[in-house]
Amino acid sequence: MSGYSALMELECSKTGEIFPADSLHNLSPAGAPLLARYDLEAAARTLRPGALADRRADMWRYHELLPAPSAEAVVSLGEGMTPLLEAPRLGAGLGLGRLYIKDEGKNPTGSFKARGMSAAVSMARLLGAGKIAVPTAGNAGGAAAAYAARAGLEAHIFVPADAPAVHKAECVLAGAKVTEVRGTIYHCGALVARRGAGEGWFDLSTFKEPYRAEGKKTMAFELFEQLNEELPDAIVYPTGGGTGLVAMWKAFGEMEAIGWIGSERPRMISVQAEGCAPLVRALEAGWDEATLWENPTTRVSGLRAPKVLADTLCLEAIRESGGTAAAVPDEAMFEAQREAGAAEGVPVCPEGAACVAALRTLRERGAVDADERIVMFNTATALKYADMAAVDCPIVDPLPEQEETG
Ligand SMILES: *Cc1c(COP(=O)(O)O)cnc(C)c1O
């Protein structure tokens with residue numbers, strides 16, 4: 001443990017077994033995600049809201065509750081501290097008086113995957129990994145490639161062949177070795193697992209290492225700072241692997257332990273695509289686990305995660321918070337993308353737009369109230385999905401020359 005970070009150890013999320021944090025780890029021997037545990041008393045001494053004003057304006061301002069043991073160990077591109085934007089016009093259209101957009105598209109590589117990869121790649125380099133590998137639906141690969149390049153590590157990215165072109169291009173431009181796979185992120189993950197051991201790759205798959213969640217946890221700290229030391233009533237979050245959901249829930253527990261908040265929690269509302277909704281299905285059926293979603297049909301890459309490794313943790317967070325889940329069709333997401341863009345000027349990705357579509361349904365079924373403070377996450381910038389947007393505008397010829405000059 002250092003003064004910079006209060007990290008102590010890793011805990012198996014299934015059995016509670018403890019592991020030292022001074023070496024590289026993937027899943028626990030029980031096959032479950034490992035969670036980072038901190039000396040929260042030590043962290044509470046210096047990590048106080050009043051002490052944050054002078055700190056660096058990125059997610060590492062919360063370094064006591066992040067894993068890197070020193071500022072020198074941090075691999076950073078300026079991730080985090082994204083704007084929390086009021087969205088009055090979009091809110092009015094949905095019957096919501098206090099809607100906010102946490103615009104994660106402002107992160108390096110254009111998505112909130114930057115937060116997780118900054119933390120995970122920092123620790124991978126520190127603990128001696130030379131090569132990293134990651135299966136990705138799109139955004140995780142771009143972030144892994146960029147942070148690996150920043151750290152001087154070799155990156156191997158496995159991406160579905162039908163992922164958005166921009167996502168693949170940014171991996172190539174960051175010098176990563178990219179393999180396209182005729183399948184989903186699930187099939188990409190199996191390839192990384194099969195080939196990784198022989199190749200000496202450290203596997204950065206969602207929840208297969210402990211620190212991507214730690215990076216994403218900082219979204220919760222930022223909400224608290226940006227809402228003047230309060231939390232919203234509800235958080236609406238487009239859920240694929242569930243990293244952000246689980247991570248923010250973990251953060252609220254840590255925030256209570258260091259005296260920032262009491263026992264109150266925002267309701268965690270998970271949004272998935274109708275064509276791939278393993279968590280919504282499990283929640284509605286009353287299951288404690290989510291089963292594999294066979295043949296996912298959604299085109300929206302960030303939501304095409306048929307197997308949720310941290311399923312129990314996600315379902316716990318939703319249920320314990322008094323939250324809920326909703327599934328929306330792809331078409332509603334593409335429509336809501338335009339609705340949000342036209343109402344607020346925020347380039348909302350299809351995954352973020354899923355929150356808008358879901359909020360309309362949730363408002364109708366009384367799951368959210370008009371005067372509640374609601375934060376929806378725009379998890380990436382619309383620009384990364386440019387090739388999916390239908391651009392249907394008129395094309396005309398230029399004016400004849402004499403008219404143009406006369
Ligand atoms: C990865 C991703 C998600 C899902 O994130 P999780 O925290 O793993 O559930 C949502 N939206 C976008 C744009 C993503 O890239």
Side-chain angles (χ1 to χ4, degrees), residues 49 52 59 61-62 65 80-107 112 115 213 216-239 242-272 314 316-326 336 340 343-344 346 348-349 351-379:
L52 292 170
M59 74 171 202
R61 66 204 270 103
Y62 312 108
L65 292 181
M81 286 310 273
T82 56
L84 181 67
L85 304 167
E86 288 179 26
R89 243 184 307 273
L90 180 63
L94 297 167
L96 298 170
R98 291 196 290 169
L99 178 66
Y100 296 79
I101 302 174
K102 180 72 170 155
D103 190 12
E104 290 292 301
K106 297 280 186 357
N107 276 299
F112 70 156
R115 296 180 188 262
K216 279 196 176 172
K217 190 175 82 174
T218 54
M219 297 188 293
F221 300 148
E222 287 176 25
L223 286 183
F224 179 75
E225 260 200 283
Q226 291 172 323
L227 291 172
N228 299 317
E229 303 185 17
E230 285 178 15
L231 291 174
D233 297 303
I235 288 176
V236 187
Y237 186 85
T239 315
T243 327
L245 198 73
V246 170
M248 284 192 277
W249 189 246
K250 179 174 186 283
F252 295 138
E254 293 172 357
M255 287 159 72
E256 185 174 356
I258 63 172
W260 281 20
I261 58 171
S263 60
E264 75 279 8
R265 297 285 185 275
R267 303 198 304 287
M268 305 301 278
I269 301 178
S270 168
V271 181
Q272 299 200 294
C314 290
E316 257 171 39
I318 298 166
R319 288 195 177 112
E320 284 178 24
S321 71
T324 184
E344 302 293 353
V346 181
V348 172
C349 63
E351 294 88 342
C355 298
V356 177
L359 275 168
R360 181 159 284 123
T361 320
L362 292 163
R363 183 77 189 89
E364 281 161 13
R365 53 177 227 234
V368 291
D369 290 330
D371 57 352
E372 285 192 305
R373 198 146 61 167
I374 295 167
V375 173
M376 55 158 274
F377 274 81
N378 179 38
T379 42

Subject >> Sequence neighbours excluded - side chain to side chain donor-acceptor pair (under 3.5 Å) pairs with any residue from residues 256-265 >> reply: Glu256-Arg265
From [X] atom [atom1] to [Y] atom [atom2], the distance as rounded to the nearest 0.5 Å:
X      : Y      : atom1 : atom2 : result
Tyr237 : Thr243 : OH    : OG1   : 6.0 Å
Phe377 : Leu245 : CZ    : CG    : 10.0 Å
Met248 : Leu223 : CE    : CG    : 6.5 Å
Thr361 : Arg363 : OG1   : CZ    : 12.5 Å
Met59  : Met219 : CE    : CE    : 10.5 Å
Ile235 : Phe252 : CD1   : CZ    : 4.0 Å

Restricting to non-hydrogen atoms, name the atom on [X] and the atom on [Y] that form the minimum distance, rounded to 0.1 Å.
X      : Y      : answer
Gly242 : Cys314 : CA-SG, 3.7 Å
Leu231 : Ala220 : CD2-O, 4.4 Å
Ser321 : Pro266 : CB-O, 3.4 Å
Val348 : Ala353 : CG1-N, 3.2 Å
Ala213 : Ala247 : O-CB, 3.1 Å
Ala340 : Val356 : CB-CG2, 4.4 Å

Does any non-hydrogen side-chain atom of [Y] lie less than 4.5 Å from one of [X]?
X      : Y      : value
Glu254 : Phe221 : yes
Glu222 : Arg115 : yes
Val271 : Met376 : no
Glu344 : Leu85  : no
Leu94  : Val368 : no
Thr82  : Lys106 : yes
Trp249 : Glu316 : no
Ile269 : Ile374 : no

Ignoring hydrogens and angles, tell me if any N or O in the side chain of [X] forms a donor-acceptor pair with the backbone of [Y] under 3.5 Å.
X      : Y      : value
Lys217 : Leu65  : yes
Asn107 : Gly80  : yes
Asp233 : Arg267 : no
Glu372 : Asp369 : yes
Glu351 : Thr379 : no
Arg373 : Arg98  : no

**OP:** Step through the shown structure and confirm whether more than 12 heavy atoms of other residues, nucleotides or ligands are within 6.0 Å of CZ on Arg319.
**Re:** yes
Original post:
Quick check: are there more than 12 heavy atoms from other residues, nucleotides or ligands sitting under 6.0 Å from CD of Glu86?
Top reply: no
**OP:** Output all residues satisfying salt bridge (Lys or Arg N to Asp or Glu O under 4.0 Å) with Lys216, sequence neighbours left out; order by chain, then residue number.
**Re:** none
**OP:** Would you please say whether a donor-acceptor pair under 3.5 Å links the side chains of Gln272 and Thr239?
**Re:** no
Original post:
Would you say the side-chain atoms of Tyr62 and Glu225 include a donor-acceptor pair closer than 3.5 Å?
Top reply: yes
**OP:** Apply the test side chain to side chain contact (heavy atoms under 4.5 Å, CB included) to residues Leu99 and Leu359: give CA-CA distance (whole Å), side-chain angles for both, the deciding distance (0.1 Å), then the verdict.
**Re:** CA-CA 10 Å; Leu99 178 66; Leu359 275 168; 3.8 Å; yes
